[in-house]
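The block underneath contains the structure these notes are about, expressed in structure tokens.
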Amino acid sequence: MGIHSPSSKSFTRLENILIIGSGGRENSLAWTIQKNELIKKVYLMPGNAGSERINKCERINIDIKNKYELVEKLNFFKIDLIVIGPEIPLANGLADFLRKKDFKVFGPGKDGAKLEFSKSWAKEFMQDANIPTANFWKVNSLEEAKKIIHSTSIPLVVKADGLASGKGVFIPSSKDECFRAAETIFNGRFGNSGNIVVLEEKIQGPEVSIFALCDGEKYILLPSAQDHKRLNEKDKGPNTGGMGAYSPAPLLTENNLDRIIKEIIEPTIDELNKRNIDYKGVIYFGLMITKSGPKVIEYNCRFGDPECQTIMPLMDQNFVFLLEKCSMGNLTGNEKINTFDKVSGCVIATSKGYPDEYKTGMPITIGKIDSNDCQIFDSGTSLSENGELLTDGGRVLSIVCQDKDFDMAFEKAYKNLNEIKFDGIYFRNDIGHQVRKNFSKEN
Ligand code: AMP
Ligand code: GLY
């Protein structure tokens, strides 16, 4: 099969980039991509109110479902490379469609996106390739779930098989809660995503996110990152999309990383190849470093958010070339990533009530910001008719700062965050507590 068959647009211009998506992840990708002097324009489809504050960026609104209009507009804008941010269009095969229309696309086809959109498929994939992960049972009915829950003595995690915007994972503390979680999923809380339930052995250890840019065969790793999924300080409260992150993750020693490469990353890419899946995009490895070694908690077929917002400012202007090489199957695997010898910290400001109900439309004021190695990436914002910046999501915006160490990076981030006001603003003050040496003294 033609893993390395370059499209007819290979080695042509790289001037106009399209990024599909509307969050902080997509704005951070745009921010880094536009640094390259070859790039004339970065279009965000649809982007958000923060997108056009970024140099060279313009929002466009095309209905993805109207395939004819989509192709016509992409040709009109002379798009040279398309980067697909979120998992849903990837799971729906948008990358396959655009590749067939001869566009260069960074993002896996539907077959590769299955790593994320079917947890049971991903578990079987790992089992076949002998990739370390928690033991699991794939179940098709509540009866079946009940039998397993009652017959095992180990603590279990309960997951909806399909996409559920990060809400389909339950961590019960008793057999009864476990059973109720399975019932909730089978009762249709997540629609068709809950037709199958995965019961998993509960494993323990710190988590780390690793991103491999993949061209179908070769790969290159971005700096690692750790995010804070829980809503409240001390990593308590409900799971969210992510309240902040830092990069790189010092937890990942060279030893650990070697093991992760040998036992997880390379076997994953080999298994994709074995299954004739030509994966051109990023593979997100959500890992847990357990006592018995690193294990995969989940795969995603996209960049993590807020990890992506945290990592992007560490990338130099060559980053866009990596995306292009992946899209064409042209990585050498020896590309160097220059991180400016800095670390990066990101804190997300959310709307009160998130991850449940929250209000939108609150005016945002931004005071005096120290812009030296600091970025504001909007995640959920809109503009009023008179151009006022408003909240328009649970995660509203993030402050990302880089410096020589995490204490300095987070000090800047929190100083800047105090200059940002909107009604109901909420953020955690302890993002990066694991890596801020001054943190315990301050608190
Ligand atoms: P996921 O959406 O699969 O990343 O799951 C969300 C979170 O649930 C993860 O980041 C972990 O903290 C936790 N989790 C998922 N699977 C397991 C497991 N098998 N054992 C322990 N914790 C888990
Ligand atoms: N930060 C977790 C995610 O993007 O799924």
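Order of listing sets the numbers, starting from 1, for every ligand and every atom in it.
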* Within-cut-off N or O pair, Glu298 and ligand 2, under 3.5 Å ->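 N/O-N/O distance below 3.5 Å does not exist for this pair.
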
Taking distance alone, with N or O pairs closer than 3.5 Å, would you say Lys229 contacts ligand 2?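 No, since none of the N or O atoms of Lys229 sits under 3.5 Å from an N or O of ligand 2.
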
Arg180 and Asp176 ion-paired at < 4.0 Å |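 Yes, this pair counts.
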
| request: Considering only NZ, NE, NH1 and NH2 on the basic side and carboxylate oxygens on the acidic side, decide whether Glu233 and Arg428 come within less than 4.0 Å. | output: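 Judged by the 4.0 Å cut-off on N to carboxylate O distance, Glu233 and Arg428 do not form a salt bridge.
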
* Partners of Arg59 by side-chain hydrogen bond (donor to acceptor under 3.5 Å, both in side chains), sequence neighbours excluded? ->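 Once residues adjacent in sequence are excluded, Arg59 has no partner under the side-chain hydrogen bond (donor to acceptor under 3.5 Å, both in side chains) criterion.
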
ask   = Would you say Val42 and Ile54 make side-chain contact, with heavy atoms under 4.5 Å?
value =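 Not in contact.
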
request  = Could you note down all residue pairs passing ring pair (Phe, Tyr, Trp, His ring centres under 6.0 Å) where residues 249-287 supplies at least one of them, sequence neighbours left out?
outcome  =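 Output for this query lists Phe211-Tyr284, Phe285-Tyr299.
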
Pull out every atom of ligand 2 sitting under 4.0 Å from any heavy atom of [X], numbered as shown with elements.
X      : answer
Gly304 : 4 (O)
Gly241 : 1 (N), 2 (C)
Asp227 : 1 (N), 2 (C)

Around ligand 1, what residues show up once you keep those with a heavy atom under 4.0 Å from it?
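For ligand 1, the contacting residues are Lys119, Ala134, Val157, Lys159, Val169, Ile171, Glu200, Glu201, Lys202, Ile203, Glu207, Lys229, Met288, Ile297, Glu298.
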
Name the atoms and distances for all side-chain donor-acceptor pairs under 3.5 Å in residues 159-168, with sequence neighbours left out.
| residue | atom | partner | partner atom | Å |
| --- | --- | --- | --- | --- |
| Lys159 | NZ | Glu200 | OE1 | 3.2 |
| Lys159 | NZ | Glu200 | OE2 | 3.1 |
| Asp161 | OD1 | Ser118 | OG | 3.3 |
| Asp161 | OD1 | Lys119 | N | 3.1 |
| Asp161 | OD1 | Ser120 | N | 2.6 |
| Asp161 | OD1 | Ser120 | OG | 2.8 |
| Asp161 | OD2 | Ser118 | OG | 3.0 |

**Prompt:** Should the heavy atoms of other residues, nucleotides or ligands under 6.0 Å from CG of Asn130 be counted, would the total exceed 12?
**Reply:**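 Open: at most 12 neighbouring heavy atoms sit under 6.0 Å from CG of Asn130.
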
*More than 12 heavy atoms from other groups under 6.0 Å of NZ on Lys41*: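 Yes - once you tally the heavy atoms of other residues, nucleotides and ligands closer than 6.0 Å, there are more than 12.
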
Sub-4.0 Å heavy-atom contact, Tyr284 with ligand 2: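 The answer is yes: ligand 2 sits under 4.0 Å from a heavy atom of Tyr284.
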
message: Ignoring hydrogens, what is the shortest heavy-atom contact between Leu331 and Lys218? Give both atom names and the distance.
response: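 Leu331 and Lys218 have their closest heavy atoms at O-CD, 3.4 Å.
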
Who's the nearest protein heavy-atom neighbour of atom 5 (O) of ligand 2, and how far?
->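 Scanning the protein heavy atoms, the shortest distance from atom 5 (O) of ligand 2 goes to Arg302 NH2, 2.9 Å.
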
